[in-house]
Each structure stands twice: as structure tokens, then as C-alpha cells.
Amino acid sequence: MPTIGFVSLGCPKNLVDSEVMLGMLRNANYHITANEADADVLIVNTCGFIQSAKEESIRHIFELARYKEKGKCRALIVTGCLAQRYHRELMEEIPEIDALVGPGHISDIVTVVNNVLGDRQRRSHINEPLYIYDEYAPRLLSTPPHTAYVKIAEGCDNRCAYCAIPDIRGRFRSRPMESVETEVKRLVGNGVKEIILIAQDTTRYGLDLYGEYRLADLICRLGPIPGLKWIRLLYCYPNRFTRDLIKAIAETPNVCKYVDIPLQHAADDILRAMRRPVTKGQARELIKNLRREIPGIVIRTSFIVGFPGETEEHFQELLDFMEEMKFDRAGVFTYSQEEGTPAAEMENQVHGRIKQERYHRAMTLQREISLVQNRKRVGQILEVLVEEAVDPGKGVYVGRSSFDAPEIDGTVEIISPKPLNIGEIVKVKINRALEYDLMGELAQ
């Protein structure tokens, strides 16, 4: 059978799509290789969210296209968000592409590969995205074997002014609770210890299926699964934290006391222009409530600087809010003017130089806050998931605490007098704090 090389770009939600496609190809007896030069078919699952992601996707497409001349590559397939959003332009401008596959045609990937290897006809497989994988879809995990993302819903109904995701991914649609539970049980049975629940809008889960928010019920169903050590929540919208959800996070022992809440700004004028669902006052009350009801909770958020119409006064209001709330984790992004979105047509677009200057000022402040928050961990004993043996001969390992999501948060360096196994969870006494990372020794 031909050999498949696969590149996955973008967010964890896109990574799940990649793993499903890889699982389908493996079940069809295609060989999977990490060496792109050895691949008969190269597939790149692209991101098309913001300008920098689009540029990265295009760069990878051209890099992979070269293997048609210098490698074994007989076909190049482009999937994902960029394929969905720019299918006409890609087919017209990059003749090396043999097929495009949008999110609505993920389940057809084997047929697409068969076709491009057979009749060699260029095809674009793009329609309204309605597909969402279920518990029966095969997955070839590309994460470490102890961690897996589980997508509980697809699409988005929020229509934020700067975002094209609803046009790319379609309307919000949840998976049934039984489907998610079955998949999680199978993953845990295969050795996964950390399940990360994701969606474009995780806290909206269940509204379309059940007529009400059901993330709390889902957590309560997953919590008792034997062997499931950590349940982590990402992409939680601030206006959908029900009393039941807060209670479920607080009272379910294996739910990480960590939530990711994208707030995007703090000035009410900018929040209204962004079409965001909460005011600064509402966000402040939510954060205070979470910290009161779930002592020790770590809160991650994200902010956009340089949105159209953002003045220096608006930006200073954001800095003041960051200083007041002291978020444990925060990502800062410069506004990307995306065609087809309402914000792209707004007046008072902010100059790129000003956006960069505000980005650096916000990140400098967050580094200072992060260091102060991390120093509070010195002397504490944390549960840490061991992920890498840096120098096992000297007892040096690296892992993540339950307060750190993979890829986006910090790490914990562990000094251990005994060998540790990758994937085990150990107790570590923290003795040093850096801006983003912690250092400690195995607790006796």
C-alpha cells in the first residue's frame, strides 16, 4: 500500500481532525510515515483563523509540494480551515494541489486518497460543514500516550466581529453525552490519564441537543471513570458558567482546578464592538466567583490588542484590568484584519506598529504577574505529570502540573533521586519559580 505523510497545523481542535483522518487511513491499510520524503501522498491539515496561521499553512503547502520533484510524492492533499475558506483561490493558484478537503468531508479522506492515486483528477471536496466525529471514528493519537484531546462539539454560533470560524466550521453542534463517554472510556482503557475537553465554545455544550447547557452533567459522567486522573477544560465562554458547572468543577476530584476563559478585552466599548457576550464588570464578577467557589483555581485567559477603534485609553483600561485580576495565565494576540468579518470593514483600524507596541507592553505586564503568581507556589507540593526525561542519570525530568495545559502553559522541572516513568503522576515540592516555569524535587 502507498505511504501517507501527514502535517497537522493549528489548534487542538484541528489536531483531533488530523487524528481521525490518520485513523481512517491506517484502518484502510495505508502506511503512515513521519518522513515526508518517503511519502507517496502528503496531506497537510491547515489553519485559516488569522493571517499568521494562513501564512504558515501556505508555507507548508509549498514546502510539501517540492517533494513532488525531489521525493516520492505522487499527490498533495490540503485539508482543514484554509481549504474550506479559500478553496477557489488555492485550486487556481497552486496547481501542485491534487485535492482539497473541507471539515465537512473528513470522513471521506480514504476515498479522496484512493481517487487522487487512481484517476489523478484534481477535485475540491467542500460543502457546508456538518460532520462531527463520533465514538466509532478511529483515531491515531499524535499526542503523548498519556494525554488526549476530546472534541465535544463542533462549529460556533457566537459571530464575534473579528472571527471567521462560524463561516469555516459551521453552526454549533454537540456530540451526545453517551458518545463522548464511550470515547473517553476507550482512551483511558488504552492508557490515557489526562482528557482535555475542547470545542469552539465548550461551555455551550448540549444546548443544541438538550435545550440547556449540559457540560456540568458531562463532567459528572466522566469523573467516575476508573483510571482517568485529570479532566481539563479549554475554551470556556464567560457568559455560560452556570451554578451547576462551577459546582461540578469544584466537587469532581479529577477535574483540574484550571479553566481557560477567553475574555479578549476589558474596555466595554471594545467588547461591544467585538460583539463579545460580557462586560468588564460581568467578567470581574465571574472571576471573583470562581476564585471564591473553587479555592486555588488557576485561570487562563486571552486578550486581543489593536482591535479597530482601540485608543490608548482603551488599552490602558485593559492593562489596569490585568493588573487588578492577576490572571495566572494570559495570552495576548494582535488583532488580525480578516476579510469577510464585520471588524475588517470597521473604521479606525489600528496601525501595525501600534499593535506590536501594545502587544509587548501587555506581555511584559503579564510576565511580571505570572512571576508573582508562580512564586506563591514555592513550598507547595503539586501533582505533576512526568513528560520528559531530560537527564535521567542525574535525576532530571520535566512535567506539567494540573495547572498547566500542554503546549500553551509552563512546565515543572523535577529533580528525583529515583527513576521516573513517562506518563506517571508524582508529587513535587516546588523550590523555585521562574516567569512561566517551576522547579522542584520529588516529594518524600
(request) Could you check K427 against E441 for salt bridge (charged side-chain N to carboxylate O under 4.0 Å, His left out), going step by step and ending with a plain yes or no? (result) CA-CA 9 Å; K427 293 186 181 299; E441 58 189 18; over 6 Å; no

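- Judged as a ring-ring contact (aromatic ring centres under 6.0 Å, His included), not a single pair has a partner in residues 144-196 (not counting sequence neighbours).
- Closest non-hydrogen pair, R169 versus P103, comes out as NH1-CB, 3.8 Å.
- A salt bridge does not link D98 with R123: none of the charged nitrogens is closer than 4.0 Å to a carboxylate oxygen.
- Ion pair D167/R159 flagged as a salt bridge, since at least one NZ, NE, NH1 or NH2 atom sits closer than 4.0 Å to an Asp/Glu carboxylate oxygen.
- Contact annotation: the side chain of D409 approaches that of R300 to within less than 4.5 Å [non-hydrogen atoms, C-beta and beyond].
- Residues L215 and I152 form a side-chain contact, since some pair of their non-hydrogen atoms from C-beta on lies under 4.5 Å apart.
- Residue C47 comes nearest to N14 through the heavy atom pair N-ND2, 4.4 Å, listed as atom of the first residue, atom of the second, then distance.
- Salt bridge status for R243 with E293: absent, with no side-chain N to carboxylate O gap under 4.0 Å.
- Taking a cutoff of 4.0 Å between a charged side-chain nitrogen and a carboxylate oxygen, E89 and K54 do not qualify as a salt bridge.
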(request) Please lay out, stage by stage, how R139 and E183 fare under the test salt bridge (charged side-chain N to carboxylate O under 4.0 Å, His left out). (result) CA-CA 10 Å; R139 282 180 67 183; E183 183 189 14; 2.7 Å; yes

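- With a 4.5 Å cut-off on side-chain heavy atoms, M177 and E181 do not count as touching.
- Salt bridge present: R240 and D201 bring a charged side-chain N and a carboxylate O closer than 4.0 Å.
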(request) Could you check R292 against E285 for salt bridge (charged side-chain N to carboxylate O under 4.0 Å, His left out), going step by step and ending with a plain yes or no? (result) CA-CA 10 Å; R292 180 174 60 251; E285 286 306 307; 5.9 Å; no

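- Between the side chain of R232 and the backbone N or O of S402 there is at least one donor-acceptor pair closer than 3.5 Å.
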(request) Take T203 and Y213 through the side chain to side chain contact (heavy atoms under 4.5 Å, CB included) test and state the conclusion after the steps. (result) CA-CA 7 Å; T203 36; Y213 303 133; over 6 Å; no

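- Y258 and F403 have their aromatic ring centers separated by at least 6.0 angstrom.
- At a cut-off of 3.5 Å, with distance as the only test, no side-chain donor of N421 or Y397 sits close to an acceptor on the other residue.
- Using a 3.5 Å distance cut-off with no hydrogens or angles, the side chains of S142 and E19 do pair a donor with an acceptor.
- Contact between V110 and M24 at its shortest, heavy atoms only, is CG2-O, 3.5 Å.
- Checked by atom type, the side-chain pair D38/T3 shows no donor-acceptor distance below 3.5 Å.
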(request) Carefully, step by step, assess E128 and R171 under the rule salt bridge (charged side-chain N to carboxylate O under 4.0 Å, His left out). (result) CA-CA 9 Å; E128 180 184 358; R171 296 294 304 272; over 6 Å; no

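- A heavy-atom distance below 4.5 Å is not found between the side chains of L318 and Q264.
- Of the possible polar contacts, none joining the D437 side chain to the A433 backbone as a donor-acceptor pair under 3.5 Å is found.
- Closest heavy-atom contact between K326 and I369: CA-CG2, 3.7 Å.
- Checked by atom type, the side-chain pair T46/S57 shows no donor-acceptor distance below 3.5 Å.
- Side-chain atoms of D268 and T279 form no donor-acceptor pair, as typed in the model, at a separation below 3.5 Å.
- Using modelled atom types and a 3.5 Å distance limit, the side chains of S401 and D404 yield a donor-acceptor pair.
- Contact of the K280 side chain with the E317 side chain is registered, since non-hydrogen atoms from C-beta on lie closer than 4.5 Å.
- Remark: side-chain polar atoms of E323 are not paired, donor with acceptor, to backbone N or O of Q366 under 3.5 angstrom.
- No side-chain donor-acceptor contact under 3.5 Å links E424 to the backbone of L420.
- Closest non-hydrogen pair, E387 versus P144, comes out as OE2-CG, 4.5 Å.
- Contact of the N374 side chain with the L438 side chain is registered, since non-hydrogen atoms from C-beta on lie closer than 4.5 Å.
- The CG atom of L263 sits 5.0 Å away from atom CZ of F303, with the distance rounded to the nearest 0.5 Å.
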(request) Test side chain to side chain contact (heavy atoms under 4.5 Å, CB included) on N115 and Q121 and set out the steps. (result) CA-CA 8 Å; N115 287 342; Q121 296 294 314; over 6 Å; no

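- Scanning both residues, I304 and T334, for their nearest heavy atoms gives CG2-C, 4.4 Å.
- With hydrogens and angles left out, the side-chain atoms of H125 and D108 include no donor and acceptor closer than 3.5 Å.
- The shortest distance between side-chain heavy atoms of H105 and I126 does not fall below 4.5 Å.
- Checking side-chain atoms of R175 against main-chain N and O of K151 turns up a donor-acceptor pair under 3.5 Å.
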(request) Carefully, step by step, assess Y131 and V20 under the rule side chain to side chain contact (heavy atoms under 4.5 Å, CB included). (result) CA-CA 12 Å; Y131 173 79; V20 169; 3.9 Å; yes

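- Ring orientation note: the planes of F321 and F327 are tilted relative to one another, at an angle of 30° to 60°.
- Side-chain contact of H265 with E310: a donor-acceptor pair under 3.5 Å is present, judged by distance alone.
- Taking a cutoff of 4.0 Å between a charged side-chain nitrogen and a carboxylate oxygen, R59 and E55 do not qualify as a salt bridge.
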(request) Apply side chain to side chain contact (heavy atoms under 4.5 Å, CB included) to the pair E194 and R400, showing each step before the final yes or no. (result) CA-CA 11 Å; E194 177 187 30; R400 285 183 293 112; 2.6 Å; yes

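- Donor-acceptor pairing under 3.5 Å is recorded for the side chains of E135 and S179.
- For the atom pair N239 CG and Q282 CD, the distance stands at 8.5 Å (nearest 0.5 Å).
- Salt bridge status for K13 with E154: absent, with no side-chain N to carboxylate O gap under 4.0 Å.
- For the salt bridge (charged side-chain N to carboxylate O under 4.0 Å, His left out) condition, no pair includes a residue of residues 247-256, sequence neighbours left out.
- At least one side-chain heavy atom of I249 sits under 4.5 Å from a side-chain heavy atom of L233.
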